[in-house]
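Since this is a predicted model, take the numbers as computed values, not measurements. Because only heavy atoms are used, hydrogens play no part in the values below, and waters and symmetry mates are left out as well, while side chains stay in.
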Amino acid sequence: MTSQTITAAASGTWKLGDRTVHRIGFGAMRLTQHGEALTPGTDSRDRDQAITVLRRAIELGVNHIDTAAFYFSPLRSANELINRALAPYPDDLVIATKVGPGRDPSGAWIPHATPGQLRGQVEENLRQLGRDHLDVVNLRVVGTDSLAERFGALAELREAGLVRHLGLSNIHAHHLTEAQAIAPVVCVQNMYGIGASPEQEELLRLCGEQDVAFVPFYSIAGTGRTAGAPVEDAGGVRDFARARGVSAAQVRLAWTLHRGAHVLAIPGTGDVGHLAQNVAAGSLRLSEDEVADLTSLHLDDVEG
């Protein structure tokens, strides 16, 4: 697989509301630092390197970028890097961000935003990205409590024109039903990958039935989560990758994309070579038997 010649167009397309995106996108979480993401005191990535990765992603056809104001390291902010690298933004580029969580200037987590504080978080993303509206805002949820009040506050911002489309992140199935009764949901971001639990599979199915994009995170990293992919992948995935002449990360991404036409991938990296490999995974075609074999691997990587 000559990854340098393959663009995101090979992955196909899906719609986020009225915006069409390639199914391979880019996640900005790991863009700002070396080592584990969202950890105070990590070494910040070289600014020029990060900007090069973002511009190369656009050259490779990526038109869906996932970010958040709380993606930052001591010297770098993902939103500001995106602004610096890509503004004025391409017409077809969709930038999705998340609200709810927050971090103080030292990088320590602070309590999730109340309904009244969500506008401030939306405005912070607008300032950092240099935009007058946000394409997609995902409400990040922790736990099983009702999201109605918080999602309703975002729906008001959508009506006011600050937000074009709304999505959800880290939810349970009942949250999707609750939110859809308030305003249209264009995407759900949840942890998902090879070895997914029955609950995760059920949410993927529900999204497909409702034409809601399903955007998995940690589909490569698994339980590595913010630390990234393991150096040595699980045996079944590793053996399959070796047989196909591709990387384990590419196998994981390809399997995820094969789980439904509504699935969008947002692998992140700060390395141009890894970026090309991730994008190329969108062209890796798996047979039904291969998908079934990988699905049957009950790994620990996405449990929790």
Side-chain angles (χ1 to χ4, degrees), residues 1-12 21-39 42-68 71-90 92-97 128-129 193 215-222 224-233 241 244-254 256-257 264-284:
M1 182 181 293
T2 55
S3 57
Q4 290 79 6
T5 64
I6 299 171
T7 72
S11 64
V21 297
H22 292 134
R23 294 178 62 217
I24 283 278
F26 179 83
M29 184 184 72
R30 301 186 56 79
L31 188 65
T32 66
Q33 80 292 305
H34 298 281
E36 185 165 357
L38 308 179
T39 302
T42 53
D43 292 333
S44 297
R45 194 174 296 279
D46 178 78
R47 181 184 298 275
D48 290 340
Q49 180 185 5
I51 287 173
T52 296
V53 168
L54 285 164
R55 290 177 176 168
R56 183 57 178 156
I58 299 302
E59 291 172 355
L60 289 173
V62 169
N63 58 2
H64 172 212
I65 294 178
D66 174 76
T67 187
Y71 288 172
F72 64 85
S73 63
L75 300 179
R76 303 284 177 262
S77 155
N79 281 352
E80 290 168 353
L81 287 168
I82 292 167
N83 188 349
R84 174 74 177 273
L86 304 180
Y89 297 107
D92 68 337
L93 178 62
V94 174
I95 300 177
T97 191
Q128 292 177 357
L129 291 166
V215 188
F217 54 80
Y218 300 150
S219 56
I220 295 176
R225 302 195 181 196
T226 54
V231 174
E232 190 70 23
D233 211 314
R244 289 293 300 264
V246 296
S247 71
Q250 287 175 314
V251 170
R252 287 176 174 271
L253 286 172
T256 300
L257 290 172
L264 307 179
I266 48 168
T269 182
D271 179 87
V272 172
H274 288 162
L275 169 68
Q277 291 179 15
N278 291 342
V279 170
S283 69
L284 180 58

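We find the CG-OG distance between Leu284 and Ser247 to be 9.0 Å, quoted to the nearest 0.5 Å. Of the inter-residue distances, the one linking His64 atom NE2 with His22 atom NE2 reads 12.5 Å to the nearest 0.5 angstrom. Summarising the geometry, atom CG belonging to Leu31 is positioned 7.0 Å from atom CZ belonging to Arg45; distances are rounded to the nearest 0.5 Å. Taking CD1 of Ile220 as the reference point, atom CG of Leu253 lies at 3.5 Å (rounded to 0.5 Å). Taken to the nearest 0.5 Å, the OG1 atom of Thr52 stands 11.0 Å off from the CG atom of Asp271. Note that CD1 of Ile65 and CD1 of Ile266 are 11.0 Å apart. Values are rounded to the nearest 0.5 Å.
In this structure, the side-chain contact (heavy atoms from CB on, under 4.5 Å) partners of Pro90, at least two apart in sequence or on a different chain, are Ile58, Asp92, Leu93. By the side-chain contact (heavy atoms from CB on, under 4.5 Å) test, Arg55 is found to be paired with Ile51, Ala85, Leu86, residues two or more places apart in sequence or in another chain being considered. Taking Arg47 as the reference, nothing meets the salt bridge (Lys or Arg N to Asp or Glu O under 4.0 Å) condition, with sequence neighbours excluded. In this view, Thr67 and Asn79 satisfy the side chain to side chain donor-acceptor pair (under 3.5 Å) rule, not counting sequence neighbours. Every residue two or more places apart in sequence or in another chain that forms a side chain to side chain donor-acceptor pair (under 3.5 Å) with Ser44 is listed here: Ser73. Partners of Ala57 under the side-chain contact (heavy atoms from CB on, under 4.5 Å) rule, at least two apart in sequence or in another chain, are Val62, Leu275. Residues satisfying the side chain to side chain donor-acceptor pair (under 3.5 Å) criterion with Thr256, sequence neighbours excluded, are absent altogether. With sequence neighbours excluded, the residues that form a side chain to side chain donor-acceptor pair (under 3.5 Å) with Arg244 are Glu290.
Across every non-hydrogen atom of Arg30 and Gly268, the tightest pair is CD-O, 4.4 Å. Heavy-atom minimum distance, Pro267 versus Ala265: CD-C, 3.4 Å. Across all their heavy atoms, Leu60 and Ala276 have their closest contact at CD1-CA, 4.1 Å. Minimum heavy-atom separation, Leu81 to Ala50: CD1-CB, 3.9 Å.
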One pair to check against side-chain contact (heavy atoms from CB on, under 4.5 Å): Leu38 and Met29. What are the steps and the verdict?
CA-CA 8 Å; Leu38 308 179; Met29 184 184 72; 4.1 Å; yes

side-chain contact (heavy atoms from CB on, under 4.5 Å) between Asp66 and Tyr71, worked out:
CA-CA 10 Å; Asp66 174 76; Tyr71 288 172; 3.7 Å; yes

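Checked by atom type and distance alone, the side chain of Ser11 never pairs as donor or acceptor with a backbone atom of Ala9 at under 3.5 Å. A distance-only check finds no donor-acceptor pair linking the side chain of Thr39 to the backbone of Thr42 [under 3.5 Å]. Side chain of Gln277 to backbone of Gln250: no donor-acceptor contact under 3.5 angstrom is found.
When side chains are defined from C-beta on, Asn278 does not count as touching Phe26, because their heavy atoms never get closer than 4.5 Å.
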